Student: 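What follows is a single structure, and I will ask about it in a moment.
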Amino acid sequence: MGPWWLLHVDLDQFVAAVEVLRRPELRGRPVVVGGDGDPTRARQVVATASYEARAFGVRSGMPLRAAFRRCPEAVFLPSDPPVYEAASARVMATLRSFPVRVEVWGWDEAFVGAEVADPWALAADLRRAVLDKTGLSCAIGIGDNKTTAKIAARFGKPGGIYELTAGNWMAVMGERPAGELWGIGPKTAAKLTELGLHTVADLATADADALRARFGPRQGAWLLVLARGLGDTEIVTEPWIARSRSRETTYPRDLTDREEIAAGVAVLARELGAEIVGAGRRVTHVAVKVRFASFYTPTRVMKLRDGPTTDVAVIERAALIVLEKFRLDRPVRLLGVRVDLAMDD
DNA sequence: TCTGGGGTCCTAGGACCC
DNA sequence: TCTGGGGTCCTAGGACCC
Ligand SMILES: Nc1ccn([C@H]2C[C@H](O)[C@@H](COP(=O)(O)OP(=O)(O)OP(=O)(O)O)O2)c(=O)n1
Ligand SMILES: [Mg+2]
Ligand SMILES: [Mg+2]
């Protein structure tokens with residue numbers, strides 16, 4: 001036994017690695033996964049790129065055509081979520097086969113809590129087991145809370161182990177940009193810069209009142225905690241219950257016809273409805289999202305008046321009623337439907 | 001090179017009630 | 001009467017992450 005440690009496991013180049021598993025001849029080549037895999041078509045982006053492709057500057061979220069320009073010799077593959085889901089489940093099962101607490105956090109990562117004397121030995125064993133059982137490589141961060149463990153895994157990439165705790169937090173992170181912290185994105189980073197706060201150390205020693213004035217009481221306090229390398233230590237092992245489910249489509253060409261738009265929403269609503277019924281969940285709200293060609297993207301939502309439903313027809317009808325709230329006099333590039341789910345069943 | 005799809009959580013303002 | 005707070009529900013949007 002020993003103290004409690006918090007580890008973060010994050011798979012390397014996850015969806016690209018899963019593709020390489022089923023096509024071993026791709027190993028060592030630049031691989032780009034995204035959209036339908038055709039890098040000449042617009043309105044598609046990179047889900048992930050193998051490290052070989054990243055060497056050419058290809059990144060998640062980049063338009064597929066931009067990736068093609070940067071790396072025409074890459075192998076472009078369509079995204080195949082069910083296969084990634086299955087691979088993810090094998091990884092999580094492997095982690096859970098150890099005498100540890102496991103909190104799944106998305107497709108390709110998990111927090112692991114364990115009371116051990118030697119967290120490095122545990123991390124090495126976990127890494128080895130995941131590789132042996134699934135063929136997938138991962139990095140593991142060793143920390144004293146979720147903040148440190150998560151960032152440690154980043155330093156471990158690819159395929160390594162790194163330890164970040166209160167002992168080395170400031171030495172390692174102090175001079176790095178505050179935007180590298182998990183939860184600080186571009187907008188928050190820009191606001192911090194306006195306050196003259198550039199590094200993690202700047203933020204960690206910032207005036208609490210100034211932060212609260214700029215960010216509000218909650219976020220202001222949280223930013224300080226984050227920059228000091230503090231964070232949650234609780235591992236929730238219970239399976240995650242989804243709060244919502246959504247389906248959206250960017251069309252290859254804009255829709256302009258009202259009937260066509262309504263038909264698109266109906267299709268999405270029915271697909272979603274079928275999945276919900278399959279999952280045995282009840283729907284409380286139905287939301288519709290419309291992205292116009294300008295990229296203006298309003299959302300409208302309706303709480304179901306007659307209470308939670310499992311009726312696909314009710315969901316579809318609600319989506320079409322919500323669609324009425326939009327002025328559809330401009331070209332539409334994306335339609336989406338989201339359902340919020342009852343949390344008490 | 002114009003900008004995917006699937007999620008979560010937080011905030012703010014108006015309605016409505018006391 | 002010309003003036004209050006507070007609480008809760010509801011919707012819209014922002015921000016972030018994988
Ligand atoms: N904008 C993004 C980011 C990620 N993903 C998907 C594809 C990734 O493979 C997976 C995991 O995300 P990570 O951030 O963990 O990235 P990778 O696992 O691909 O690479 P890394 O080795 O850096 O973790 O999530 C996505 O579809 N779109
Ligand atoms: Mg990963
Ligand atoms: Mg990840």
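Computed over heavy atoms, backbone and side chain alike; hydrogens, waters and symmetry mates excluded. These figures come from a predicted structure and were not determined experimentally. In what follows, chains carry the letters A, B, and so on, assigned in the order in which the sequence lines appear, proteins first and then strands, with residues in each chain numbered from 1.
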Student: Ion pair present between Lys146(A) and Glu103(A), side-chain N to carboxylate O less than 4.0 angstrom?
Tutor: yes

Student: If you group Ile, Leu, Val, Met, Phe, Trp and Tyr by side-chain heavy-atom gaps below 4.5 Å, do Ile261(A) and Val290(A) land in one group?
Tutor: yes

Student: Please list, by residue number, the residues of residues 231-243 of chain A whose heavy atoms come closer than 4.0 Å to an atom of DNA chain C; answer none if no residue qualifies.
Tutor: none

Student: Pick one for dC2(C): is it syn, with its angle within 90° of 0, or anti?
Tutor: anti

Student: Can you list every pair that meets side chain to side chain donor-acceptor pair (under 3.5 Å) and has a residue in residues 285-303 of chain A, with sequence neighbours left out?
Tutor: Glu248(A)-Lys289(A), Arg291(A)-Thr297(A)

Student: If hydrophobic residues (ILVMFWY) are linked whenever their side-chain heavy atoms come closer than 4.5 Å, directly or via other members, who joins Trp105(A) in its cluster?
Tutor: Leu6(A), Phe111(A), Trp182(A), Ile235(A)

Student: Counting side-chain heavy atoms from CB outward, which of dG6(B), dG7(B), dT3(B) is closest to Arg247(A)?
Tutor: dG6(B)

Student: Which part of the nucleic acid, if any, lies within contact of Gly61(A), taking any heavy atom under 4.0 Å across all strands shown: a base, the sugar-phosphate backbone alone, or nothing?
Tutor: base

Student: Please report the distance separating the C1' of dC17(B) from the corresponding atom of dG4(C), rounded so that it comes out in whole Å.
Tutor: 15 Å

Student: Calculate, to the nearest 0.5 Å, the distance between atoms CG and CG belonging to Leu136(A) and Asp108(A) respectively.
Tutor: 10.0 Å

Student: Could you go through the side-chain hydrogen bond (donor to acceptor under 3.5 Å, both in side chains) check for Thr309(A) and Asp311(A) one step at a time?
Tutor: CA-CA 5 Å; Thr309(A) 189; Asp311(A) 186 338; 5.1 Å; no

Student: How does DNA chain B look in dot-bracket form if you count Watson-Crick and G-U pairs under 3.5 Å, write [ ] for pairs that cross, and put | where a base pairs with another strand?
Tutor: ....||||||||||||||

Student: Below 4.0 angstrom, which residues in residues 62-89 of chain A have at least one non-hydrogen atom near DNA chain B?
Tutor: Pro63(A), Arg65(A), Ala66(A), Arg69(A)

Student: May I have the distance from Glu248(A) (atom CD) to dG7(B) (atom P), rounded to whole angstrom?
Tutor: 10 Å

Student: List, by chain and number, the other hydrophobic cluster members for Trp222(A), where Ile, Leu, Val, Met, Phe, Trp and Tyr join if side-chain heavy atoms come within less than 4.5 Å, directly or indirectly.
Tutor: Ile151(A), Phe155(A), Tyr162(A), Leu164(A), Trp169(A), Met170(A), Val172(A), Met173(A), Leu181(A), Ile184(A), Leu192(A), Leu195(A), Leu197(A), Val200(A), Leu203(A), Leu211(A), Phe215(A), Leu223(A), Leu224(A), Leu226(A)

Student: Charged N to carboxylate O below 4.0 Å: is that the case for Lys157(A) and Asp10(A)?
Tutor: yes

Student: Between residues 331-340 of chain A and DNA chain B, which residues have a heavy-atom gap below 4.0 Å?
Tutor: Arg333(A), Leu334(A)

Student: Decide whether Val9(A) and Val102(A) are clustered together by the hydrophobic rule: side chain heavy atoms of Ile, Leu, Val, Met, Phe, Trp, Tyr closer than 4.5 Å, transitively.
Tutor: yes

Student: In whole Å, I'd like the distance from the CZ atom of Arg281(A) to the P atom of dG7(B).
Tutor: 11 Å

Student: From CZ of Arg212(A) over to P of dC10(B), roughly how many Å is that when rounded to an integer?
Tutor: 18 Å

Student: Checking side chain to side chain contact (heavy atoms under 4.5 Å, CB included) for the pair Arg101(A)/Thr237(A): CA distance, chi angles, key distance, verdict?
Tutor: CA-CA 6 Å; Arg101(A) 296 170 64 80; Thr237(A) 56; 3.8 Å; yes

Student: Whole Å only: how far is the NE2 atom of His285(A) from the P atom of dC9(B)?
Tutor: 15 Å

Student: Can you pull out every ring pair (Phe, Tyr, Trp, His ring centres under 6.0 Å) where at least one residue sits in residues 81-102 of chain A? Sequence neighbours excluded, please.
Tutor: Tyr84(A)-Trp107(A)

Student: What is the distance from CZ of Arg245(A) to P of dG6(B), rounded to the nearest Å?
Tutor: 10 Å

Student: Which nucleotide wins on minimum distance to the side chain of Ala42(A), given the candidates dT3(B), dG7(B), dG4(B)?
Tutor: dT3(B)

Student: Within this structure, what is the OH-to-C1' distance between Tyr251(A) and dG5(B), rounded to whole angstrom?
Tutor: 13 Å

Student: Does a donor on one side chain and an acceptor on the other come within less than 3.5 Å for Asp340(A) and Thr284(A)?
Tutor: no

Student: On DNA chain B, check which nucleotide each of Glu275(A) and Arg218(A) is closest to and give me the residue with the more 5' one.
Tutor: Glu275(A)

Student: Which letters describe nucleotides 12-18 of chain C, given B = protein heavy atom under 4.0 Å from base, S = only from sugar-phosphate, - = neither?
Tutor: SS-SSSS

Student: Does any pair with a residue in residues 190-199 of chain A pass side chain to side chain donor-acceptor pair (under 3.5 Å), and if so which ones, sequence neighbours excluded?
Tutor: Glu194(A)-Arg214(A), Thr199(A)-Asp202(A)

Student: What residue pairs, at least two apart or across chains, pass side chain to side chain donor-acceptor pair (under 3.5 Å) with a residue in residues 123-133 of chain A?
Tutor: Arg128(A)-Asp132(A)

Student: Report the distance from atom CG of Leu304(A) to atom P of dC9(C), rounded to the nearest whole Å.
Tutor: 17 Å

Student: So, OP1 or OP2 of dT8(B): does either fall under 4.0 Å of a side-chain N or O from Ser244(A)?
Tutor: yes

Student: Can you tell me which residue pairs pass the side chain to side chain donor-acceptor pair (under 3.5 Å) test with a partner in residues 253-262 of chain A, sequence neighbours excluded?
Tutor: Arg43(A)-Asp254(A)

Student: Give a yes or no answer on whether the side chain of Arg281(A) reaches the backbone of Ala342(A) with a donor-acceptor pair at less than 3.5 Å.
Tutor: yes

Student: Flag the pair Glu73(A) and Arg29(A) as a salt bridge only when some basic side-chain nitrogen lies within less than 4.0 angstrom of an acidic carboxylate oxygen.
Tutor: no

Student: Take atom CD of Glu324(A) and atom C1' of dT11(C), then tell me their distance rounded to the nearest Å.
Tutor: 18 Å

